[in-house]
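Below is one structure, written out as structure tokens; the observations come after it.
On a predicted model such as this, the values are computed, not experimentally measured, just so you know. Lettering follows sequence order; numbering is per chain, from 1.
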Amino acid sequence: MAQNTTTAPKRSYQTVESGPRAPEAFLHPVSRKNYGQWKYHERPRPGVLKHVAHSGDVLYTVRAGTHRQVTVDIVRHLCDLADQYADGHLRWTIRNNVEFMTPNWNNVEPLIRALEESGHPVGGTGNSVGAIAHTQGWLHCDIPATDASGVVKSMMDELYDEYVNERMPNRVRLSTSCCEINCGGQADLAVVVQHTRPPRINHAILSDVCEMPSTVARCPVAAIRPTTVNGKPSLMVVEEKCIFCGACFGACPAMEINHPEYSKMAIWVGGKNSNARSKPANMKLVCHGLPNNPPRWPEVTQVVRNILDAYKRGGRDWERLGEWIDRIGWKRFFKETGLPFDTYMIDNYRHARTSLNMSAHIRF
Amino acid sequence: MAQNTTTAPKRSYQTVESGPRAPEAFLHPVSRKNYGQWKYHERPRPGVLKHVAHSGDVLYTVRAGTHRQVTVDIVRHLCDLADQYADGHLRWTIRNNVEFMTPNWNNVEPLIRALEESGHPVGGTGNSVGAIAHTQGWLHCDIPATDASGVVKSMMDELYDEYVNERMPNRVRLSTSCCEINCGGQADLAVVVQHTRPPRINHAILSDVCEMPSTVARCPVAAIRPTTVNGKPSLMVVEEKCIFCGACFGACPAMEINHPEYSKMAIWVGGKNSNARSKPANMKLVCHGLPNNPPRWPEVTQVVRNILDAYKRGGRDWERLGEWIDRIGWKRFFKETGLPFDTYMIDNYRHARTSLNMSAHIRF
Amino acid sequence: MSEKNDSNLNPTPNLDALEEGPWPSFVTGFKDWIRKTGNTMARGALDQLNYSYETKMGYWKGGVVGVHGYGAGVISRYSMIPEKFPEAAEFHTMRVQPAPGLHYSTKALREVLDVWEKHGSGLLSMHGQTGNLQLQGIAQGNVQQCFDELNALGWDLGGAGATVRTGASCVGPARCESACYDTLGVHHQVLSYFTDLVHRPQLPYKAKFKFSGCPNDCSNSIQRSDYAVIGTWRDDIQVDKEAMERFIQKKGVDYLVNNVITRCPTNALSLRGNEMVINNADCVRCMHCINVMPEALSPGKERGITLLVGGKGHLKVGNMLGSVMVPFMKMESQEDIDGLIDLVDRMIDWWSENGLDHERIGECIERVGMQQFLDAVGLEANVDMVAHPRDNPFFKASYDHDPLAGIGNAA
Amino acid sequence: MSEKNDSNLNPTPNLDALEEGPWPSFVTGFKDWIRKTGNTMARGALDQLNYSYETKMGYWKGGVVGVHGYGAGVISRYSMIPEKFPEAAEFHTMRVQPAPGLHYSTKALREVLDVWEKHGSGLLSMHGQTGNLQLQGIAQGNVQQCFDELNALGWDLGGAGATVRTGASCVGPARCESACYDTLGVHHQVLSYFTDLVHRPQLPYKAKFKFSGCPNDCSNSIQRSDYAVIGTWRDDIQVDKEAMERFIQKKGVDYLVNNVITRCPTNALSLRGNEMVINNADCVRCMHCINVMPEALSPGKERGITLLVGGKGHLKVGNMLGSVMVPFMKMESQEDIDGLIDLVDRMIDWWSENGLDHERIGECIERVGMQQFLDAVGLEANVDMVAHPRDNPFFKASYDHDPLAGIGNAA
Ligand code: SRM
Ligand code: SRM
Ligand code: SRM
Ligand code: SRM
Ligand code: SF4
Ligand code: SF4
Ligand code: SF4
Ligand code: SF4
Ligand code: SF4
Ligand code: SF4
Ligand code: SF4
Ligand code: SF4
């Protein structure tokens with residue numbers, strides 16, 4: 001993390017610690033006028049929302065997919081479209097989609113065409129598969145075991161039709177994470193890379209790059225111990241204890257957890273954030289040991305597709321992926337997807353007991 | 001616990017390590033004949049079951065309450081009744097009720113009368129309040145903070161009408177426990193004594209009565225440490241850590257956890273063992289700090305009555321106490337019973353996190 | 001509250017309130033017995049209890065009392081204040097194993113009572129929570145003789161301390177239409193097999209078995225036993241169509257909907273016309289619909305057990321309910337029963353090797369790890385073991401499986 | 001995949017497959033940019049990424065880069081193999097705080113783009129998961145000038161490291177009919193208040209805020225933020241009877257039953273005749289019925305927020321979802337907002353004093369204890385905080401309450 005530079009040289013500009021930008025001026029005028037006075041919405045077609053205000057005003061939103069990792073030119077192009085069709089305003093959603101608003105229905109179709117022409121799919125609304133929560137990966141992060149942008153691109157190519165249509169039982173939110181830290185978060189379906197062995201310790205650099213006590217403290221299972229290697233203070237890992245979590249690598253780059261072969265991809269399902277119907281839920285492990293296979297990770301996409309197909313077949317309207325499984329049971333989930341349940345999917349971490357089947361409730 | 005006596009003196013009798021008695025010979029003949037061939041049952045009246053076999057045979061069961069802590073004479077009397085009305089057989093239930101079986105309907109009413117005359121209430125079937133799971137208490141246990149027999153007797157006097165009738169939404173199982181060890185187990189409603197401060201250590205006797213390392217190991221929060229008192233090795237308790245669980249007293253009688261004032265009664269609800277409808281569930285704390293008030297513990301009974309009344313008013317048919325609460329919510333439970341929810345009811349033990357409201361689901 | 005022969009009694013002012021009220025009074029029972037027999041040990045215990053009610057403290061302590069060759073089965077109790085209550089100086093309990101299901105012939109029971117009148121206080125409890133016939137109040141000097149006489153009559157002691165404990169089972173096939181296996185017979189065989197472990201403490205801690213004929217779990221096995229053996233079935237619920245029609249006729253469709261259909265935990269029931277339809281693939285064998293309509297519905301024909309492991313009380317980790325280890329196992333032939341015994345034997349072995357002092361098997365599995373446990377006892381991981389798969393990424397797998405193998409062959 | 005000016009590009013054989021397929025390709029975007037501008041840092045980053053795809057390893061390491069007076073806001077990245085990719089030797093990210101709700105005017109956004117083209121790689125991400133506008137790829141030497149220009153335009157940096165982080169909020173009242181409070185305004189005020197803590201690391205670890213206008217939680221606050229501010233209401237759901245009738249007319253009663261009534265988590269909905277009746281006392285504000293019938297139903301009029309605390313990711317205890325700390329708080333007047341800020345300030349204070357290094361507030365509360373936390377910040381225990389009361393007896397209470405006080409006054 002960046003540290004404060006303590007001795008500030010002479011400098012003419014005086015920083016204004018302004019915090020976040022104030023939102024008012026950036027809102028579309030119709031949005032500003034009807035702020036907090038919306039009555040309801042409809043979805044005229046995939047990718048388009050129609051919001052109606054108590055005043056009678058109508059505001060259309062067109063949502064489109066982006067690369068998330070963009071360039072000045074790409075954003076300029078989106079600004080052009082906003083100037084032309086959306087009164088000079090635009091916004092991004094929490095999931096890296098871009099949104100244009102206009103009170104003018106006649107702008108909607110031309111805007112959609114312009115977006116599609118420049119390669120931005122219009123969709124992602126309602127019961128579609130939304131854009132994937134995107135993290136950094138090999139492009140920028142210092143601790144990734146895989147890439148993010150490439151995984152997202154590969155999966156979205158495959159799920160494109162589900163993005164531009166609304167054919168799923170309910171919205172599907174996906175996420176990827178390029179290390180177990182899981183910046184992508186909980187999702188209906190998540191792809192997370194998984195370390196498969198303890199860190200190798202780079203004793204050559206450790207004492208130079210490592211604040212040893214805080215590295216020791218970072219380990220959740222107290223597997224790290226001080227030691228001496230070639231006369232220099234270093235650290236060692238008790239391999240039986242280590243759960244390959246990678247936390248130590250975040251504290252000390254000499255705890256090399258990443259490895260091209262000892263990083264596998266895992267699939268998680270059933271995360272949910274909304275409070276609609278069921279309470280929010282953490283996602284659960286349903287597949288692991290898939291190869292970390294750039295540039296297209298075809299095995300991952302195959303499993304993802306397979307799960308989403310089963311959900312699409314079996315889910316009822318409004319049933320989120322995890323709610324579908326809650327109804328049919330995990331046993332049937334594994335049957336429907338053909339995925340193997342194995343011993344590692346039985347929790348053995350802190351609250352393991354609470355995940356066991358403490359009942360005679362069994363589907364046969 | 002009793003230890004093996006290693007040097008066995010001369011002895012003429014040779015022990016037969018026979019294990020449990022074989023059941024066949026003890027079954028009522030009609031039961032033996034139709035073993036495993038029962039078709040269905042009915043409840044002709046509270047306290048009486050009618051089982052019908054595929055063979056067409058019928059077997060009536062009359063269930064009656066007992067003192068659990070009985071005498072040779074009391075049991076002989078029950079044997080007399082069994083000889084007279086039940087072909088010389090009788091059994092006890094898991095909850096200390098006695099049961100007489102007869103294929104002869106004409107025996108039923110006279111048997112009921114005879115039982116009632118000798119003070120045994122007939123009931124405890126179906127959706128009644130059953131007999132209370134009974135433990136040892138001051139009568140026999142070495143670590144009780146209260147009595148069991150007296151608490152049971154006092155509560156059952158109050159709940160008598162609910163035992164001999166079937167007027168609750170579903171069966172109600174109660175238990176009592178005379179220390180936090182909770183031999184009475186999980187129940188729809190449980191009365192458990194609760195220690196309210198750390199053990200006082202009787203240093204005078206400790207080194208004589210205590211296997212110190214195993215006492216130290218017994219503490220779930222590592223609050224016990226070796227120390228020296230008056231030159232003798234002893235133990236000390238880190239009071240901030242101690243959770244008053246009493247486990248150390250079980251290992252070492254010098255860890256005096258019991259105290260007439262620092263033992264309070266607590267009420268727990270919603271335990272469930274059956275798998276009917278919902279999964280089995282642990283009971284939850286809903287009232288604590290009631291005085292440990294022999295011989296009648298009126299405050300305890302008042303709270304128990306109050307909870308059962310609310311359940312009786314609000315529960316739907318077949319809904320167990322905990323299922324009723326699951327439906328109406330804990331907030332309403334506390335409202336309906338007038339019991340105060342307090343900070344100590346928020347779990348802070350091992351799996352505390354899993355008991356928190358991790359959602360925006362709130363009843364207002 | 002008979003009046004005669006009160007000379008055998010000391011005053012018990014703190015207990016007398018417990019003679020009032022409609023429920024059977026143990027105080028009255030004890031007094032009657034003391035009045036009649038003048039049993040001094042019973043009197044001493046009652047007097048000390050009266051004192052406990054006054055001071056709100058207990059006054060018993062343990063010690064070491066047993067019978068030849070056994071290391072368990074007698075719970076020793078010495079008064080902490082024998083100078084005050086010399087008659088209660090000793091008050092040991094003998095735990096006697098009854099027949100599974102707690103059935104008796106009056107003849108056999110009277111034999112026990114007679115022996116107990118001769119050697120003990122005459123007080124007993126029918127039964128302890130674990131399932132023992134508890135003969136409460138005997139002096140060390142009488143224990144062996146009392147036991148020998150009981151043993152000669154066919155009775156044996158139960159467990160205590162770090163042993164396999166006396167088992168418990170529901171009435172099962174002896175009277176109940178829901179019994180999916182022979183609770184009494186299996187209980188008898190399993191506990192007989194472990195007799196040595198019942199009598200001689202050689203385990204990390206106690207081990208309890210309970211046997212329930214169906215998921216109603218009338219023996220509370222899931223909560224109170226390390227090994228809960230619960231009857232279940234694998235095929236479809238049996239339907240007696242006529243009985244079902246009679247039921248609906250009598251109770252009405254509303255009742256059917258409100259009390260049966262809407263109460264199914266997995267929505268496996270639905271109404272079609274005026275009939276109830278069961279989607280057996282979604283049924284989790286909760287028993288509810290069968291409970292409400294016992295004449296119309298019964299468990300399927302392919303019956304067996306579910307084995308749950310690890311149930312126990314509060315100490316020290318908080319109450320643990322047992323969890324599924326074997327979702328289904330037939331329990332009909334002698335082979336089936338031997339298979340169960342074998343499996344449990346392996347579990348007890350593993351636990352004996354891995355358990356810490358005072359650690360039950362459930363805690364031990366939690367500490368050491370389910371994976372190690374399953375491997376050691378030779379069970380395969382099964383999705384029925386969990387309510388849901390893990391929700392954290394902190395595991396170490398062997399990567400010897402092909403996660404894609406089953407894809408395409410999906411149901 | 002334009003063809004011209006490829007002379008600016010090095011071959012990226014391991015990435016080119018990512019130019020195929022219908023979804024927007026970041027590789028193509030990057031290449032187009034490099035083709036046009038010849039930006040060397042962008043090229044270096046792309047080349048190193050290509051190498052990562054070949055070797056399946058990442059090659060960035062952190063360091064220390066910042067702007068005057070701040071301790072956070074720039075994520076420094078140095079290539080671990082600068083000898084191989086000298087153009088990528090430095091590739092730092094500037095995290096810029098956008099407006100709540102991620103709204104822009106094209107004018108303001110173009111200003112940012114122009115500055116970024118001048119000083120940086122021209123690559124950026126819209127937006128990071130936490131909610132920052134991430135300007136990715138700048139050399140240390142340019143950072144201060146770039147920041148000064150952005151700052152002069154009205155932009156400020158976001159958080160990083162042990163700071164309060166940039167917040168996120170749903171679109172809320174700007175467009176959504178379900179918004180129960182002003183997500184954008186409250187976000188703006190709260191984050192402005194904590195500006196010092198955003199810029200200067202002085203906390204045990206990171207602290208995140210997210211703002212969702214209703215329990216649909218479109219900002220994922222419960223899972224991803226230490227402080228989740230979620231809109232809710234306390235009175236009855238508002239019903240537009242005519243719209244409801246139109247809905248039922250159009251969709252049918254079956255649809256109503258199957259998609260609305262039976263989906264209510266607490267059975268607060270029922271059918272009466274052909275109408276739907278809401279038992280508001282049982283409603284838990286899940287939003288489902290409102291979501292399905294947005295024209296007919298809306299949140300009540302007495303609106304405010306629920307504050308949940310402690311959400312965070314996997315490290316190290318497993319994922320934590322936030323849990324309720326304040327069930328309801330009005331959020332209309334300036335006083336209301338100040339009240340929220342005050343309360344959160346006390347929470348951050350308590351955590352600053354009690355938190356270990358790298359311990360989020362949720363973990364800290366779990367370790368130190370909810371009771372201590374509530375006392376310290378001046379909140380009373382409330383049953384809404386729990387899914388259920390504790391199920392173990394291991395607590396130490398002060399016995400200064402009268403548990404019987406409320407009995408008799410029950411509802
Ligand atoms: C007698 C009995 C209560 C009763 O009146 O019915 C009883 C009495 C005692 N129990 Fe118990 N437990 C009795 C059934 C239970 C049950 C219920 C059951 O077995 O179904 C449980 C809960 C289930 C379980 O096993 O966890 C139970 C959980 C305990 C525990 C806590 C074990 C745990 O791991 O949580 C202890 C403490 C210990 O073992 O150190 C304990 C310890 C004791 C001791 C031995 C206390 C001691 O360390 O001295 C008590 C001896 C009392 C005495 O004077 O006889 N007793 N105890 C029950 C045994 C009667 C019988 O053998 O039939
Ligand atoms: C006699 C006994 C078994 C025994 O071997 O001793 C027994 C006998 C029957 N039980 Fe039970 N249950 C017996 C203890 C239990 C227990 C354990 C307990 O009481 O501690 C439970 C679990 C309670 C719990 O969940 O904590 C139990 C949960 C049930 C249920 C499930 C009820 C539910 O809806 O949750 C049924 C089903 C029913 O009622 O139709 C049931 C049903 C039955 C039936 C109807 C079975 C049958 O068809 O014969 C029997 C008559 C019930 C009645 O009383 O109306 N039995 N039953 C036990 C009587 C105890 C007593 O004297 O009060
Ligand atoms: C950039 C970003 C991913 C993205 O591409 O969007 C990101 C990237 C990093 N995260 Fe993250 N996290 C990002 C959002 C998240 C989120 C989601 C959120 O904020 O809504 C989470 C889950 C929620 C949470 O806070 O727990 C998240 C949980 C973590 C954690 C685990 C924290 C935990 O307690 O479990 C770490 C590890 C740490 O802090 O030591 C971490 C650490 C990191 C670090 C700083 C890794 C490191 O120690 O060097 C990454 C820097 C990457 C880089 O090169 O810029 N990141 N990280 C996101 C921030 C962008 C932004 O500021 O807008
Ligand atoms: C634009 C956006 C808010 C923003 O400020 O950026 C948004 C906008 C709306 N959400 Fe959302 N949600 C947005 C992210 C979310 C998220 C978070 C996420 O995607 O990571 C969630 C939580 C998902 C989860 O549980 O993990 C979310 C859960 C919902 C729900 C609850 C759905 C459910 O049944 O579980 C609704 C209700 C509904 O669909 O009617 C909803 C409804 C809506 C409505 C209908 C609200 C309204 O009346 O305007 C908006 C249009 C929805 C649509 O796409 O059809 N929104 N919504 C976000 C668009 C993300 C995107 O580009 O894909
Ligand atoms: S998930 Fe891991 S590798 Fe990916 S951005 Fe977050 S911290 Fe970096
Ligand atoms: S990977 Fe995790 S468990 Fe292993 S040593 Fe590092 S911090 Fe500890
Ligand atoms: S609950 Fe405690 S006091 Fe009562 S019998 Fe069991 S161990 Fe003894
Ligand atoms: S009472 Fe419990 S927590 Fe306290 S010292 Fe004894 S064993 Fe430890
Ligand atoms: S557990 Fe099942 S089989 Fe046994 S008595 Fe109860 S209902 Fe009958
Ligand atoms: S037994 Fe239970 S789960 Fe199965 S159909 Fe009947 S009610 Fe449903
Ligand atoms: S969280 Fe609620 S208020 Fe905010 S955008 Fe989503 S639905 Fe609307
Ligand atoms: S908001 Fe949710 S809980 Fe409330 S009535 Fe509607 S569906 Fe039920």
Problem set entry | Residue among A:L90, A:T146, A:N182, A:I181 with most heavy-atom pairs under 4.5 Å to chain D | A:L90
For this session: Tell me, with the steps shown, if D:E177 and A:Q37 meet side-chain hydrogen bond (donor to acceptor under 3.5 Å, both in side chains).
Result: CA-CA 7 Å; D:E177 69 271 11; A:Q37 298 301 322; over 6 Å; no
Exercise. Given the rule in the salt bridge (Lys or Arg N to Asp or Glu O under 4.0 Å) test, do D:D240 and A:K39 qualify, once you have shown the distances and angles that lead to the verdict?
Worked result: CA-CA 11 Å; D:D240 178 332; A:K39 163 88 179 122; 3.1 Å; yes
Problem set entry | Sequence neighbours excluded, every pair satisfying salt bridge (Lys or Arg N to Asp or Glu O under 4.0 Å) that has a member inside residues 131-150 of chain A | A:D142-D:R77
Problem set entry | Stepwise side-chain hydrogen bond (donor to acceptor under 3.5 Å, both in side chains) check, D:Y255 with A:D317 | CA-CA 10 Å; D:Y255 187 93; A:D317 283 0; 4.9 Å; no
Taking all heavy atoms of [X] and all of [Y], pick out the closest pair and write down the distance.
X	Y	result
D:L191	A:P20	CB-CG, 3.8 Å
A:R95	D:N220	NH1-ND2, 4.1 Å
A:T66	D:W23	O-NE1, 3.4 Å

Exercise. Will you find, in the side chains of A:H140 and D:T93, an N or O donor that is under 3.5 Å from an N or O acceptor?
Worked result: yes
Problem set entry | A:E17 atom CD, neighbour heavy-atom count above 12 within 6.0 Å | yes
Looking at [Y], is its backbone amide N or carbonyl O close enough to the side chain of [X] to form a donor-acceptor pair, meaning the two atoms are under 3.5 Å apart?
X	Y	result
D:Q223	A:Q186	yes
A:Y13	D:E149	no
D:K56	A:N292	yes

Seminar exercise, completed: Ranked by heavy-atom pairs below 4.5 Å to chain A, first place among D:V112, D:L123, D:L184 goes to D:L184
Exercise. Among D:D217, D:N151, D:T195, which residue forms the greatest number of heavy-atom pairs with chain A at distances under 4.5 Å?
Worked result: D:N151
Exercise. For D:E117 and A:R76, what are the C-alpha separation, side-chain angles and deciding distance, and is it a salt bridge (Lys or Arg N to Asp or Glu O under 4.0 Å)?
Worked result: CA-CA 11 Å; D:E117 171 157 23; A:R76 281 185 182 136; 2.7 Å; yes
Exercise. Knowing that exactly one of D:Y53, D:Y51, D:Y59 qualifies, which makes a ring-ring contact (aromatic ring centres under 6.0 Å, His included) with A:W138?
Worked result: D:Y53
Please state whether the side chain, the backbone, both or neither of [X] comes within less than 4.5 Å of a heavy atom of chain D.
X	value
A:R32	neither
A:I74	side chain
A:T93	backbone

Exercise. Given A:D83 and D:T106, is the side-chain hydrogen bond (donor to acceptor under 3.5 Å, both in side chains) satisfied, shown in steps?
Worked result: CA-CA 7 Å; A:D83 287 339; D:T106 52; 2.6 Å; yes
Exercise. SG of A:C219 to NZ of D:K316: how many Å apart, nearest 0.5 Å?
Worked result: 8.0 Å
Problem set entry | Audit row: D:R175, A:E99, salt bridge (Lys or Arg N to Asp or Glu O under 4.0 Å) steps and yes/no | CA-CA 12 Å; D:R175 198 187 59 198; A:E99 288 185 343; 2.6 Å; yes
Exercise. Would D:R263 count as a cation-pi partner of A:W318, with NZ or CZ less than 6.0 Å from the six-membered ring centre and within 45° of the ring normal?
Worked result: no
